Asks: 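Got a structure here, written out as structure tokens. Questions coming.
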Protein chains: 2
Amino acid sequence: MQRNRLARQPGRSEQLLFLTDDQLRQGIELMFFAYRGFTADPDLILENYAYGRAHHRAIHFINRKQGLTVNELLDIMGVTKQSLNRVLRQLVEDGLVDSRVGKQDRRQRNLYLTETGETLEWELSDAQRKRMRKAFSNAGPEAVHGFRTVLEQMIDPSLREKVLNAADVP
Amino acid sequence: MQRNRLARQPGRSEQLLFLTDDQLRQGIELMFFAYRGFTADPDLILENYAYGRAHHRAIHFINRKQGLTVNELLDIMGVTKQSLNRVLRQLVEDGLVDSRVGKQDRRQRNLYLTETGETLEWELSDAQRKRMRKAFSNAGPEAVHGFRTVLEQMIDPSLREKVLNAADVP
DNA sequence: CTTGGAAAGTCAACAAGACTGACATAAACT
DNA sequence: AGTTTATGTCAGTCTTGTTGACTTTCCAAG
């Protein structure tokens, strides 16, 4: 799936928008409150399993790229290995994640979701997708396009490539 | 756990978008990574003062509506009063926030930023505004409109009114 | 007027999850 | 053989969330 639709439109960026501090402040608050909504549904589900957002994120990214290494996961999640390790250990112990020794490089561990793990992943992402789908539908396609464009711009440039590349994984 | 989160918005939404799970997943990841970018700059500044995001949020909302009560702040921040209180106490001790006994109701405390508090508020919000302004400028005005529309839809309906009303404050 | 309940705020103790730092082990590389 | 890399672990700290218990203040019913 090609994702050139998010590519920056040439010329466009040189428009000198007049943005008042108040408009920007509203944008800031929208980010804050929308993110809260964004995490609210999965958080409720996670409580039933005594897991937190960290578990959710790990499960999400393992699902997106099954077999990724611990280092890759670390890198994309942006936490320390100690912090990730606690979460990962629980998930492996609970039988949601399978950690297999790498075939080429036996130092590495390749991470996979088990069937149970995939079930929880689906439950979590389904809740999140529902809200996202509703918001997208209510807002309309042009708005969705704008949403993507702005958010992409908000991501740290160094991360941006990584994220967009990673999203290409089938 | 009664939640009206699924209540329908009349009118706006009957567009029937085709949204693949993959498109939605991209939206989900954009939220995750953009939020990280969104908080990155203030986080760096906060380190210098040994404060965290909670302090930032408190300062932000006190600045937006000087003189608001602890309860109002509690409500908008969405944490427990005990959690807020710790943060607030530090800010008062450090001379960034002024907590005055309410004139009509002496149980209440009205919160104000001191001059020092306003200085830090500015420093933090300026960093955040810079990133927001850049993202907005690069994305263009239509995109900004879409961004706002989608994010507004993502907020919990119960909160939505509160937030939008609150944004009217001069 | 009194009194009992509710509301606003504070204090204490605990838990999750982030962090740093030090160290261990195994495998790969030079 | 010695070094670097990938991962895991232990210990300790910090921020920020939680619940429970408490004080002060207000208000309204008796």
Side-chain angles (χ1 to χ4, degrees), chain A residues 32 35-36 39-40 42-60 62 67-94 97-112, chain B residues 32 35-36 39-40 42-62 67-94 97-112 124:
Chain A
F32 172 61
Y35 194 76
R36 223 159 72 182
T39 53
D43 282 355
L44 280 179
I45 297 170
L46 288 160
E47 274 181 21
N48 305 330
Y49 300 87
Y51 289 148
R53 277 184 207 171
H55 303 82
H56 182 188
R57 292 199 288 268
I59 288 173
H60 173 96
I62 295 173
L68 88 174
T69 66
V70 173
N71 239 347
E72 288 176 296
L73 184 54
L74 228 45
D75 203 37
I76 205 160
M77 285 182 60
V79 296
T80 59
K81 62 174 179 176
Q82 295 91 330
S83 190
L84 175 60
N85 191 256
R86 190 191 321 110
V87 176
L88 219 44
R89 192 169 44 205
Q90 288 177 278
L91 292 174
V92 171
E93 278 172 7
D94 296 354
V97 167
D98 198 6
S99 169
R100 306 182 203 155
V101 171
K103 290 202 168 170
Q104 306 87 348
D105 188 335
R106 304 190 45 229
R107 291 172 303 180
Q108 298 181 336
R109 299 290 178 276
N110 296 107
L111 304 170
Y112 300 87
Chain B
F32 173 62
Y35 194 76
R36 224 159 72 182
T39 54
D43 281 356
L44 280 180
I45 296 169
L46 288 160
E47 274 180 20
N48 304 330
Y49 299 88
Y51 290 147
R53 279 187 204 170
H55 302 84
H56 182 189
R57 292 199 288 269
I59 288 174
H60 173 95
F61 287 114
I62 295 173
L68 88 175
T69 66
V70 173
N71 234 352
E72 288 175 296
L73 184 54
L74 228 46
D75 204 37
I76 205 160
M77 286 182 61
V79 295
T80 59
K81 58 180 179 174
Q82 295 90 331
S83 185
L84 174 59
N85 189 254
R86 190 190 317 107
V87 172
L88 222 41
R89 190 172 41 209
Q90 289 177 276
L91 292 174
V92 169
E93 277 171 8
D94 296 353
V97 167
D98 198 7
S99 167
R100 306 182 202 155
V101 171
K103 289 203 169 170
Q104 305 88 347
D105 188 336
R106 304 190 44 229
R107 290 173 302 182
Q108 298 181 339
R109 300 290 179 275
N110 296 106
L111 304 170
Y112 301 85
L124 291 169

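Here is how names work: the chains are called A, B, and so on, in the same order as the sequence lines, proteins then strands, and each is numbered from 1. Predicted, not measured: the structure shown is a model, and the values here were computed from it.
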Asks: Honestly, is B/R100 close enough over B/Y112, meaning NZ or CZ under 6.0 Å from the six-membered ring centre and within 45° of the axis?
Replies: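 Cation-pi check for B/R100 and B/Y112: passes.
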Asks: Let me know, please, whether A/T69 or B/Q90 comes out on the 5' side of the other along DNA chain D by nearest nucleotide.
Replies: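 It is A/T69, whose closest nucleotide lies nearer the 5' terminus.
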Asks: What integer distance in Å separates B/L84:CG from C/dT10:P?
Replies: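 So the CG-P distance, B/L84 to C/dT10, works out to 9 Å.
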Asks: Want to settle it: does A/G78 or B/V70 sit nearer the 5' end of DNA chain C, counting the closest nucleotide to each?
Replies: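 Whichever sits nearer the 5' end wins; that is B/V70.
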Asks: Measuring from B/L124:CG to B/Y51:OH, what's the distance to the nearest 0.5 Å?
Replies: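 One finds 10.5 Å between CG of B/L124 and OH of B/Y51.
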Asks: Atom CZ in A/R57, atom CD1 in A/I62: separation rounded to 0.5 Å?
Replies: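 Result: 13.0 Å between the selected atoms.
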Asks: Would you say C/dA16 has OP1 or OP2 under 4.0 Å from some side-chain N or O of A/H55?
Replies: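 Result: no.
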Asks: Just the rounded figure in Å: distance from C1' of C/dG9 to CG of B/N110.
Replies: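 In whole Å, C/dG9 C1' lies 13 Å from B/N110 CG.
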Asks: Could you please name the option among D/dG20, C/dA22, C/dG9 that lies closest to any side-chain atom of B/Q82?
Replies: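 Output: D/dG20.
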Asks: By nearest atom, which of the nucleotides C/dA28, D/dG8, D/dG17 is closest to the B/R86 side chain?
Replies: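 Side chain of B/R86 sits closest to D/dG17.
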Asks: Check the distance between D/dG17's C1' and B/R53's CZ and give it to me in whole angstrom.
Replies: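 Result: 14 Å.
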Asks: If you look at every strand shown and take non-hydrogen atoms under 4.0 Å, does A/Q104 touch a base, only sugar-phosphate, or nothing?
Replies: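 Here A/Q104 touches the backbone only, sparing every base.
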Asks: Does the A/R53 side chain pair with the main chain of A/P42, one donor and one acceptor, at a distance under 3.5 Å?
Replies: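 The answer is no, because no donor-acceptor pair under 3.5 Å joins these two groups.
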Asks: Pick the closest DNA chain C nucleotide for A/K81 and for A/A50 by heavy atoms, then say which residue is nearer the 5' end.
Replies: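 Counting from the 5' end, the first nearest nucleotide belongs to A/A50.
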Asks: Give a yes/no on whether any side-chain N or O of A/N85 is located under 4.0 angstrom from OP1 or OP2 of D/dT7.
Replies: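 No, because none of the side-chain N or O atoms of A/N85 sits under 4.0 Å from OP1 or OP2 of D/dT7.
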Asks: Using a cut-off of strictly less than 4.0 Å, decide whether A/S83 has a side-chain nitrogen or oxygen near OP1 or OP2 of C/dG17.
Replies: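 For A/S83, the contact criterion (side-chain N or O under 4.0 Å from OP1 or OP2 of C/dG17) is not met.
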Asks: Answer yes or no: does a side-chain N or O of A/R57 lie under 4.0 Å from OP1 or OP2 of C/dA18?
Replies: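 Looking at the OP1 and OP2 atoms of C/dA18, one of them is under 4.0 Å from a side-chain N or O of A/R57.
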Asks: Take the protein atom CG of B/D105 and the nucleotide atom P of D/dA28, then report the distance between them rounded to whole Å.
Replies: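 The distance from CG of B/D105 to P of D/dA28 comes to 12 Å, rounded to the nearest Å.
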Asks: Taking CG from B/D75 and C1' from C/dA7, how many angstroms apart are they, rounded to a whole number?
Replies: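 Distance, rounded to whole Å: 14 Å.
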Asks: For B/N71 and D/dC26, what is the distance between atoms CG and C1' respectively, to the nearest whole Å?
Replies: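 Between C1' of D/dC26 and CG of B/N71: 14 Å.
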Asks: Keeping A/R109 on the side-chain end and A/D98 on the backbone end, is there a donor-acceptor pair under 3.5 Å?
Replies: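 Answer holds: no.
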Asks: Look at the side-chain N and O atoms of A/R107 and state whether any lies under 4.0 Å from the OP1 or OP2 oxygen of D/dG8.
Replies: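 Answer is no, no contact under 4.0 Å.
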Asks: Given C/dC23, D/dG17, C/dA8, identify the nucleotide with an atom nearest to the side chain of B/V79.
Replies: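 So the nucleotide nearest the side chain must be D/dG17.
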Asks: Below 4.0 angstrom from OP1 or OP2 of C/dA28, is there any side-chain N or O of A/R106?
Replies: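 It does not, given that no N or O in the side chain of A/R106 lies less than 4.0 Å from OP1 or OP2 of C/dA28.
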